[in-house]
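Worksheet for the structure shown next.
In what follows, chains carry the letters A, B, and so on, assigned in the order in which the sequence lines appear, proteins first and then strands, with residues in each chain numbered from 1. Predicted, not measured: the structure shown is a model, and the values here were computed from it.
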Amino acid sequence: MVTECGTTLLERTRGIVAPYAGREGMLVHALQDVQGVFGYLPEDALRVLAEELGVSLSHIWGVASFYDRFHFIRRGRNTVRVCTGTACQVQGSRNVLQQVEKLLGLRNGETSPDFSFTLETVNCVGCCGLAPVVTVNNEVVPAPEMERVLADLRKGNGGND
Amino acid sequence: MTRLASAADLAALRERLAAQYASGEPVVRVCTGSACRAAGSLRVADAVTEELRRAGIQVSVRRTGCQGFCQHGPLVMVDPEGWLYGGVTPSDAAKLVDLTVRRRQLIEHLACRHPETGRPIGSTSELPFYQRQTRLVLRHCGLIDPTSIEDYIAAGGYRALARVLETMSPEAVISLIKRAGLRGRGGAGFPTGRKWEAGRAATGTRKFVICNADEGDPGAFMDRSLLEGDPHAVLEGMIICAYAIGDCREGFVYVREEYPLALEHVRIAIEKAREFGLLGKNILGSGLDFDIEIRRGAGAFVCGESTALMFSIEGKRGMPRVTPPRSVEAGLWGCPTCLNNVETFANVPLILNRGADWYAGIGTEGSKGTKVFALSGKVKYTGLIEVPMGATVRQVVFDIGGGIEQGKRFKAAQIGGPGGGCIAEEHLDLPIDFESLKGVGSAMGSGALVVVDETTCMVDLARYFLSFTQQESCGKCPPCRIGTYQMLRILNRIVEGKGEEADLRKLDDLGRLISRTSLCGLGKSAPGPVLSTLRFFREEYLAHILERRCPAGSCETLKRLTIGPECVQCGLCEETCPQHAIMETENGLAIDLLLCVNCGACVSVCPMECIAEATGEGGANDGTGDEGTGPDHSYH
Ligand SMILES: Cc1cc2nc3c(=O)[nH]c(=O)nc-3n(C[C@H](O)[C@H](O)[C@H](O)COP(=O)(O)O)c2cc1C
Ligand code: SF4
Ligand code: FES
């Protein structure tokens, strides 16, 4: 990651954190913004964050690890989430997960080696009327259409695999 | 737009807008709520707009929030007639403009049909799904464009706020809310007026108002829909709350990150309200200073709990703390904080506009007003609905939801999510209100209502909820952290056919212990789904334990092999079975389920191919999306 972003990682992180410095309780938001840029929380970025916000790295670690949505290792460019909320569960989300696992060649929680996809589950995205659903990069997709959407993404990604 | 400097300015603006929005004009309303959006409604809206432009017709296309009838999206409502079209695609746009907008004709094949008569519906008011609801809190949802503050104002928005600021004392507001009998919609049903009163009485250097839009319950989408479809109503409620508790200049809306559209709409609403002088300094010239910021959740269910939520806003781990002190006395950064749910706030302008007595006239003795539910699962019509408190489960499931899909049987309604419980068939006529639900070991929760039929295994459903709460436990207290883990282990064993009868007792004991001794609501309510299924569906637990059988036919490891009628009794299977589980009976060969280990050896040798997995009484749901997941096309 550092090689990919080079020296800019530090500068970019400073840029993200700047508006939050000196404001109370902005740690979670700052972490979300850092993750929004890098896709995960690189350790070097967390060090910058600690400096700029004037808190310890272990404090940041403690907070970030508490929340499900923060990640400490690099993730795929596309995130596919299978909803396993109640309505989706009742409508067969377990099979949908198996289907997506097969389609992507990934197990739940894994990222593909070429970093094109990350697969995980989510607890309800509030579209239970269409259950079972999958989200692809935060867009809700009804399960029957998922195969087509994923195929399109593959193409868009320059045919990784 | 210049800032509105007084209530008179607001009234003048509303009059100007009303002239523009003269009723009787045709309007095309395309639902762009999350579900319809996922079904492609944005492309429909674009196509209709383009088609109107090409035809040179001046008719507005309004992109609205959720119109409720999610199962049939993308939805398009055409006014003034109130015609409702379902399953609309961009290629329908030309016809829609030509026939409906220009010639005012109903396009029958797009129109929703009456479920009983099959007749195309003239307008939404004739559709049982809508007819049998009381849409008060949802009154703007699906009608106005949520990104337009003008739409909200034209519909009467911010009128309550103006009246409050001009003519009412904070005490009068609180007493009105108390008289109306409004109780919090976030789950516990705490009287809102009393909370505000305590907020007013509390003193501190700063005071805060927080809107809890975390909505972590799986199966719930009421708060999401309200924020997406009518965000100003929630803001208006928050501003009135700030005025009522006094000395409050800062507010937060805590929205979960999984709701990008709700976040976007709230952001726009806050900006617009600021621009119009409805947030910020000296609101409507009344001297009230109050502003609202958004805080995003980061995927922890427990952060919906009020004290945890406040820690999360402070940038800490969202772990609940012991109360007292209550948050209204010492909440965010130790200052008095008034926290309410989205729907609670959305009720406030309604009560102020129509009066406490009117409001108290709706609902039951102890639960006033209406409740919004997210209806999902195996009902014909899923969606966003609103009924008066005290409506029965039967009314919701059968009258509004249209009954169970594919003629299957109603088995249970799970109300209240992971902290709630299951309602069995014998309780179909139970009125839905805070007390009655509690009486049968369930809970209102935030209003998720998931209906299941005979293909869902209740033991597995209970296990599902428990694994959810076990995962989401913050881990601070042992009963919740370790107790739910132990319960989950027992449930896993039962589902795998390794349970013992004594397990039921253990589950019951553990459940009660955890409820009694956990620190916060998560642990206290976590055993709910298990305890309620143990109570009403005990025989299903027993079937798993004593007969190693899943009556719903859904538990993988208990899928059982049976020999079909094609059997010629060649005996090959009998020879092959390593367990000697196949035996001759009066009616031919049969498999002893207690011996069978599902190895499938018999299946592979049977020349008649008549040995297969039985699907249980209900027939297993294969979940491939072939059954009951798409829209019910017979409806169009
Ligand atoms: C684990 C847990 C999760 C909760 N999640 C929510 C939630 O997502 N939204 C909500 O409004 N209340 C939630 N609550 C209830 C809140 O703690 C609080 O009672 C409620 O927001 C108060 O608002 P009300 O008085 O308007 O209902 C949750 C409670 C617990 C214990
Ligand atoms: S009951 Fe559970 S979620 Fe609540 S404080 Fe205890 S461990 Fe945390
Ligand atoms: S349960 Fe999957 S969207 Fe709600």
Handout entry: Derivation and outcome, side chain to side chain contact (heavy atoms under 4.5 Å, CB included), residues B/Lys316 and A/Phe66
Key = CA-CA 9 Å; B/Lys316 301 183 181 136; A/Phe66 180 79; over 6 Å; no

Problem - CG on B/Leu461 to OG1 on A/Thr86, rounded to 0.5 Å - result: 7.5 Å

Fill in the blank from the handout: Turns out that what part of A/Val122 lies under 4.5 Å from chain B's heavy atoms comes down to side chain

Exercise for the section: Look up atom CG in A/Asn123 and atom CG in B/Asp217, then write down how far apart they are to the nearest 0.5 Å. Expected result: 10.5 Å

Problem - Distance, nearest 0.5 Å, that separates CZ of B/Arg296 from CG of A/Leu31 - result: 10.5 Å

Practice task
Say whether, by atom type as modelled, one donor and one acceptor occur between the side chain of A/Tyr67 and the main chain of B/Gly297 under 3.5 angstrom.
Solution key: no

Exercise for the section: Can you tell which part of B/Ser312 gets under 4.5 Å to a heavy atom of chain A, answering side chain, backbone, both or neither? Expected result: both

Exercise for the section: Check the pair B/Arg37 / A/Glu139 against side chain to side chain contact (heavy atoms under 4.5 Å, CB included), numbers first and verdict last. Expected result: CA-CA 9 Å; B/Arg37 210 171 263 246; A/Glu139 296 265 332; 6.0 Å; no

Handout entry: Closest contact, heavy atoms only, B/Ser376 versus A/Ala87
Key = OG-CB, 3.3 Å

Practice task
Give a yes or no on whether A/Arg75 atom CZ has more than 12 heavy-atom contacts from other residues, nucleotides or ligands under 6.0 Å away.
Solution key: yes

Completion exercise
Closest heavy-atom pair, A/Val90 versus B/Val451, reported as atoms and distance to 0.1 Å, is CG1-O, 4.3 Å

Completion exercise
Under 4.5 Å to a heavy atom of chain A? For B/Glu472 that would be side chain

Problem - Best-contacting candidate, A/Asp68, A/Val140, A/Thr84, against chain B by heavy atom pairs under 4.5 angstrom - result: A/Asp68

Exercise for the section: Begin from the C-alpha positions of A/Met26 and B/Glu314 and carry the test side chain to side chain contact (heavy atoms under 4.5 Å, CB included) through to its verdict. Expected result: CA-CA 7 Å; A/Met26 295 313 290; B/Glu314 290 174 13; over 6 Å; no

Practice task
Return the minimal non-hydrogen interatomic distance between B/Ala298 and A/Gln32, and the atom names on each side.
Solution key: CB-NE2, 3.8 Å

Fill in the blank from the handout: Output for pair (A/Arg94 CZ, B/Asp460 CG), nearest 0.5 Å, gives 4.5 Å

Practice task
With a 4.5 Å cut-off on heavy-atom pairs, point out which of B/Gly315, B/Ala262, B/Pro260, B/Cys303 contacts chain A the most.
Solution key: B/Gly315

Exercise for the section: Answer yes when A/Arg69 and B/Glu258 have at least one side-chain N-carboxylate O distance shorter than 4.0 Å, and no when they do not. Expected result: yes

Exercise for the section: Go through the atoms of B/Cys66 and report whether side chain, backbone, both or neither lie under 4.5 Å from a heavy atom of chain A. Expected result: neither

Completion exercise
If you tally heavy-atom pairs under 4.5 Å between each of A/Pro142, A/Gly25, A/Cys88 and chain B, the highest tally belongs to A/Gly25

Practice task
Could you tell me which portion of B/Phe465 (side chain, backbone, both or neither) has an atom closer than 4.5 angstrom to a non-hydrogen atom of chain A?
Solution key: side chain

Handout entry: Region of B/Arg256 that comes under 4.5 Å of a non-hydrogen atom in chain A
Key = side chain

Practice task
Let me know if B/Ala374 has heavy atoms under 4.5 Å from chain A in its side chain, its backbone, both or neither.
Solution key: neither

Handout entry: Gap between atom SG of A/Cys124 and atom OH of B/Tyr259 - 0.5 Å precision
Key = 5.0 Å

Exercise for the section: Could you tell me which portion of B/Ser34 (side chain, backbone, both or neither) has an atom closer than 4.5 angstrom to a non-hydrogen atom of chain A? Expected result: both

Fill in the blank from the handout: Here the gap from B/Leu449 atom CG to A/Cys128 atom SG, rounded to the nearest 0.5 Å, amounts to 11.5 Å

Problem - B/Glu293 portion near chain A, given a 4.5 angstrom heavy-atom threshold - result: side chain

Problem - Contact winner vs chain B - A/Cys127, A/Gly126, A/Gly85, heavy-atom pairs under 4.5 Å - result: A/Gly126

Handout entry: Structural part of B/Val302 lying under 4.5 Å from a heavy atom of chain A
Key = side chain

Practice task
Would you confirm whether B/Arg317, through its side chain, and A/Gly62, through its main-chain N or O, come within 3.5 Å as a donor-acceptor pair?
Solution key: yes

